[in-house]
There are 2 protein chains.
Amino acid sequence: MAQATDPSRSGPATLSDVARLAGVSLATASKALNGRSQVRAETRQRVIAAAERLSFRPNQLARGLLAGRTGTVGLLTSDLEGRFSIPILMGAEDAFGAGEVAVFLCDARGDAIREQHHVRALLGRRVDGLIVVGSRTDPRPSLGRELPVPVVYAYAPSEDPADLSIVPDNVEAGRLAVDHLLACGRTRIAHITGDPGYLAARERAAGAEAALSDAGLALVGAPRFGMWSEGWGRAAAAMLLDKHPEVDAVLCGSDQIARGVVEVLRERDHRVPEDVAVMGFDNWQVLTSASRPPLTSVDMNLEQVGRAAAQALFGAIAGARRSGVQTLSCRVVVRGSTAALS
Amino acid sequence: MAQATDPSRSGPATLSDVARLAGVSLATASKALNGRSQVRAETRQRVIAAAERLSFRPNQLARGLLAGRTGTVGLLTSDLEGRFSIPILMGAEDAFGAGEVAVFLCDARGDAIREQHHVRALLGRRVDGLIVVGSRTDPRPSLGRELPVPVVYAYAPSEDPADLSIVPDNVEAGRLAVDHLLACGRTRIAHITGDPGYLAARERAAGAEAALSDAGLALVGAPRFGMWSEGWGRAAAAMLLDKHPEVDAVLCGSDQIARGVVEVLRERDHRVPEDVAVMGFDNWQVLTSASRPPLTSVDMNLEQVGRAAAQALFGAIAGARRSGVQTLSCRVVVRGSTAALS
DNA sequence: AAAGAAACCGAAAAGCTTTTCTGAAAGCTA
DNA sequence: TAGCTTTCAGAAAAGCTTTTCGGTTTCTTT
């Protein structure tokens with residue numbers, strides 16, 4: 001069982017294996033591999049060659065134990081299934097990967113108990129920080145101020161203003177959308193949106209109404225809240241056309257709703273965008289590009305939210321803690337469903 | 001700066017803090033907390049209380065360093081964006097989370113260089129194993145046989161038969177779909193599917209043709225390969241109806257294609273499912289439920305693929321290495337777009 | 001050639017937990 | 001009461017890397 005002379009005896013090679021093969025001490029091997037200056041060039045080469053031959057990788061556990069920093073962070077999502085978490089997660093993973101930080105992924109499935117469990121497990125693994133990704137933009141309970149590592153909340157802000165949260169700016173999103181429609185010459189704009197229990201729905205509506213008001217205009221009818229589904233989009237569009245056949249633009253609270261609206265417009269022989277412009281939110285490619293015509297949509301720049309959260313966490317780990325809610329801009333992606341009135 | 005007497009002086013509490021507070025040695029504290037039997041009940045209580053007060057969590061790095069196992073695995077995806085990775089990832093995360101294993105998430109973005117980089121980083125962190133999640137079912141290059149930890153490939157099998165791969169059974173999926181349509185009394189079945197460069201498309205078509213052949217039937221026309229988009233679904237449906245107006249069922253290679261087909265059928269006043277039954281693959285809720293009528297679809301059970309991969313990796317870590325390609329069954333989810341011929 | 005400086009290498013400790021082994025105390029029997 | 005067993009607590013080592021500090025060698029300078 002014991003194979004004392006076998007170089008590949010058990011598990012990965014350690015620094016002491018490398019040192020032995022190169023005929024130097026542990027300390028020298030370490031310094032050689034880490035570019036420290038206390039070692040002759042020829043010796044360094046020998047050590048590097050030995051490390052190469054054993055395909056040595058320094059044990060990050062030992063390193064972390066010593067340094068007090070592990071180079072890992074926890075990414076705590078509340079629902080992986082939802083499509084909003086993914087781009088944020090991608091942005092964060094991207095930003096961290098560039099900085100040699102590894103990411104522990106935990107999905108709490110929207111359960112507070114499970115979330116607590118994951119937090120404890122992550123702290124046991126001595127993560128250097130946490131990013132908490134929400135599934136909607138409504139504020140969520142804080143993990144608390146007593147955590148031994150910095151925390152950044154992404155998408156869903158923390159209820160505690162002492163925490164740092166990074167969220168997309170839904171009010172501005174509503175403004176931008178209406179500005180685009182106004183720039184297209186539309187003046188009779190209706191708004192069909194989703195569940196009024198969602199802050200995102202209310203904020204986008206508020207932004208839209210503010211932009212219209214700035215232009216001396218108002219929505220055609222009140223904002224129509226309902227559900228985040230194509231079915232609601234179809235139903236609401238039918239009601240809207242019955243009551244306000246004069247509309248020349250429909251701003252929809254999501255791409256799903258917008259698809260429903262476009263379908264009904266097609267069925268009723270309204271031309272899109274010539275007669276009625278339609279736009280949505282989220283810029284969800286599967287929907288925007290499959291629609292006829294393709295949908296103009298507001299992209300919430302979620303990847304950027306993830307990246308910004310990662311960078312903020314970097315900063316906090318380095319000691320530069322901030323707090324409050326930081327909002328990030330979004331952008332209008334123009335496709336065929338909006339165009340200037342001719 | 002130095003606060004020698006402050007119990008919460010720097011970073012999380014260590015076992016030696018607990019031992020000091022409880023007035024025992026490190027060894028005793030460890031044994032007390034780990035349920036070892038060499039400790040008097042009263043002493044154990046004292047230690048537990050101390051640990052509680054300091055909210056002590058054992059440092060998993062030190063533990064891993066000692067044990068040789070870290071209780072972490074790497075989850076290597078090739079594209080997070082793609083919707084197939086996510087359910088697999090959820091299943092795996094779920095299975096691991098239950099076993100106190102933490103998951104490192106890495107997204108290679110389809111880049112082999114980046115993948116290599118991530119593998120090296122993960123090995124440096126001494127993961128106990130790796131799961132490689134592909135974005136399509138075509139075989140992919142192996143990470144190699146020389147890795148010091150077990151690897152399981154999920155969704156995309158490894159090209160090396162010595163590796164273990166867990167994939168959904170696309171041939172059976174095609175069979176099941178046709179069996180369902182046959183059970184509905186359909187006999188003139190056409191197949192519109194996606195990019196023929198995808199193994200999944202070819203296998204599903206093969207399964208479908210095999211099931212028809214078993215029933216003494218054949219497809220209406222050849223399988224129509226194209227793209228994985230609604231647009232292709234619409235175009236292909238139009239061509240199909242022009243050439244074969246007698247079809248009573250269309251099996252579509254994806255839910256996206258199926259939606260396109262349903263739309264064209266509606267526009268041409270064919271009733272779904274009365275005149276023509278339609279079904280898709282993937283069971284992608286956003287599409288299936290928004291369609292009119294809701295789409296019957298084959299669910300590839302991807303979460304189960306993830307869970308099975310996690311369990312296989314557990315087994316391999318425990319020493320029970322397997323190899324080869326293991327296929328998992330899928331299931332038909334019936335909705336409004338298919339029904340028995342009346 | 002001798003002394004001082006510079007360059008280089010190695011021993012040892014720290015970081016935290018678990019386990020084994022040793023030692024001590026308490027309880028029991030003869 | 002002496003000797004034994006049982007029970008419990010502590011010391012020390014292992015696991016791997018990095019860093020500090022001390023020691024040795026080589027080179028330069030006078």
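Per chain, numbering begins at 1; letters A, B, ... match sequence-line order.
The distance between atom CG of B:Asp17 and atom C1' of C:dT17, rounded to the nearest whole Å, is 13 Å. As a whole-Å value, the separation of A:Asn34 CG from D:dC16 C1' is 13 Å. Rounded to whole angstrom, the span from the CG atom of A:Leu65 across to the P atom of D:dT18 amounts to 12 Å. Atoms CZ (A:Arg20) and P (C:dA11) sit 14 Å apart, rounded to a whole Å. Residue B:Phe56 contributes atom CZ, which lies 10 Å from atom P of C:dC16 at whole-angstrom precision. Counting to the nearest Å, the P atom of C:dC16 and the CG atom of B:Leu15 are 10 Å from each other. Distance CZ (A:Arg57) to P (D:dT17): 12 Å, rounded to an integer number of Å.
Contact between the side-chain N/O atoms of B:Asn59 and the OP1/OP2 oxygens of C:dG15 is not found at any separation under 4.0 Å. Close to C:dT19, at under 4.0 Å from its OP1 or OP2, lies a side-chain N or O of B:Arg36.
A distance of 8.5 Å separates NE2 in B:His118 from CZ in B:Arg109, rounded to the nearest 0.5 Å.
The closest side-chain donor-acceptor pair between A:Arg307 and A:Gln304, if any, does not fall under 3.5 angstrom.
The aromatic rings of B:Phe84 and B:Tyr155 sit parallel to each other, their planes meeting at less than 30°, with 60° as the upper class boundary. By the 30° and 60° cut-offs, the orientation of the rings of B:Phe104 relative to A:Phe104 is parallel.
Annotation for A:Glu81: atom CD does not count as buried by contact number, only 12 or fewer foreign heavy atoms lying within 6.0 Å. When the shell of 6.0 Å around CD of B:Glu42 is examined, it contains more than 12 heavy atoms from other residues, nucleotides or ligands.
Side-chain proximity of A:Ala62 to D:dT18, C:dG15, C:dT17: nearest is C:dG15.
In the helix from C:dA1-D:dT30 to C:dA30-D:dT1, the end axes, each obtained as the rotation axis mapping the C1' atoms of four pairs onto the next four within a five-pair block, lie 60° apart to the nearest 10 degrees.
With a 4.5 Å cut-off on side-chain heavy atoms, B:Val39 and B:Val47 do not count as touching. At least one side-chain heavy atom of B:Leu199 sits less than 4.5 Å from a side-chain heavy atom of B:Pro139.
Heavy-atom minimum distance, B:Arg126 versus B:Thr72: O-OG1, 4.1 Å.
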Practice problem: Take nucleotides 6-14 of chain D nucleotide by nucleotide from the 5' end and write B, S or -, depending on whether a protein heavy atom sits under 4.0 Å from the base, only from the sugar-phosphate, or from neither. | Solution: --BBBB--B
